[in-house]
Amino acid sequence: QVQLVESGGGLVQAGGSLRLSCAASRSTFSTYAMGWFRQAPGKERAIVAAINWSGGITYYADSVKGRFTISRDNVKNTVSLQMNSLKPEDTAVYYCAAARRGGLQTRPAEYEYWGQGTQVTVSS
């Protein structure tokens, strides 16, 4: 079992930045693929960014490319999402997720463990 705890959400004006962090409870964190997803009201949960076990391969949704950066620290058992140039359409609950398969995973069904979510609100 892996427990994930997100932090760093909040309210920010358009054009601003936020950094989300996710702390994992398990020492085998370094073997897991990690991802950030988001879900806006009335919409399905969607991938934002993903990273493989080593941090050497990353994936970004087209809507966030060039603005968001995913990274991980396998010593501290954390994964982060740096979000710059935020837009009102980035408003959503953001979830951290972990997949036992360490290769890059982009679909929600591929992730076994989820955090509780953190709200990000971008005002115009």
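For reference, positions follow the sequence shown, starting with 1.
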Report summary line: Sorted by chain and number, sequence neighbours left out, side-chain contact (heavy atoms from CB on, under 4.5 Å) with K65 holds for Y60, D62

Report task. Say whether Y111 and V64 are linked into one hydrophobic cluster, either directly or through other cluster members, by side-chain heavy-atom distances under 4.5 angstrom. Result -> no

Give the table of side-chain donor-acceptor pairs shorter than 3.5 Å for residues 8-21, with sequence neighbours excluded, one pair per line with atom names and distance.
from : atom 1 : to  : atom 2 : distance (Å)
S17  : OG     : N84 : OD1    : 2.9
R19  : NH1    : Q82 : OE1    : 3.2

Query raised in the report: Roughly how far, to the nearest 0.5 Å, is the CZ atom of F68 from the OG atom of S80?
Result: 13.5 Å

Report summary line: Hits for side chain to side chain donor-acceptor pair (under 3.5 Å) against Q116, two or more places apart or cross-chain, chain-then-number order -> E6

Query - disulfide bond (SG atoms under 2.5 Å apart) partners of residues 28-83, not counting sequence neighbours, each pair once - result: none

Ignoring hydrogens and angles, write down the donor-acceptor pairs under 3.5 Å from the side chains of residues 90-100, residues two or more places apart or on other chains.
from : atom 1 : to   : atom 2 : distance (Å)
D90  : OD1    : R38  : NH1    : 2.9
D90  : OD1    : R67  : NH2    : 3.0
D90  : OD2    : R67  : NH1    : 2.8
D90  : OD2    : R67  : NH2    : 3.4
D90  : OD2    : K87  : N      : 2.8
T91  : OG1    : P88  : O      : 2.9
T91  : OG1    : V122 : N      : 2.9
T91  : OG1    : V122 : O      : 3.4
Y94  : OH     : R38  : NH1    : 2.9
Y94  : OH     : D90  : O      : 2.6
R100 : NH1    : Y113 : OH     : 3.1

Query raised in the report: What's the spacing between T58 OG1 and R72 CZ if we round to 0.5 Å?
Result: 12.0 Å

Query raised in the report: Do L104 and V2 share a hydrophobic cluster (ILVMFWY, side-chain heavy atoms under 4.5 Å, transitive)?
Result: no

Requested in this report: Among Ile, Leu, Val, Met, Phe, Trp and Tyr joined by side-chain contacts under 4.5 Å, find the other residues sharing a cluster with V75 and list them by chain and number.
Outcome: none

Query - Partner set under side chain to side chain donor-acceptor pair (under 3.5 Å) for T69, not counting sequence neighbours - result: none

Query raised in the report: Do the side chains of Y32 and E112 get nearer than 4.5 Å, heavy atoms only?
Result: no

Requested in this report: Indicate, with yes or no, if Y59 and I57 share a hydrophobic cluster defined by side-chain heavy-atom contacts under 4.5 Å among Ile, Leu, Val, Met, Phe, Trp and Tyr.
Outcome: yes

**Report entry** For Q39, all residues meeting side chain to side chain donor-acceptor pair (under 3.5 Å), sequence neighbours excluded
**Finding:** R45

**Report entry** Residue pairs involving residues 28-59 (criterion disulfide bond (SG atoms under 2.5 Å apart); sequence neighbours excluded)
**Finding:** none

**Report entry** Separation between CG of N74 and CH2 of W53, rounded to the nearest 0.5 Å
**Finding:** 8.0 Å

**Report entry** Spacing of CG belonging to L81 relative to OG belonging to S71, to within rounding of 0.5 Å
**Finding:** 8.5 Å

Report summary line: So disulfide bond (SG atoms under 2.5 Å apart) across residues 37-80, not counting sequence neighbours, yields none

Query raised in the report: Residues two or more places apart in sequence or in another chain: which of them pass side chain to side chain donor-acceptor pair (under 3.5 Å) with T28?
Result: R26

Query raised in the report: What about I47 and M34, same hydrophobic cluster or not, with Ile/Leu/Val/Met/Phe/Trp/Tyr joined at side-chain heavy-atom distances under 4.5 Å?
Result: no

Report summary line: Sorted by chain and number, sequence neighbours left out, ring-ring contact (aromatic ring centres under 6.0 Å, His included) with W114 holds for F37

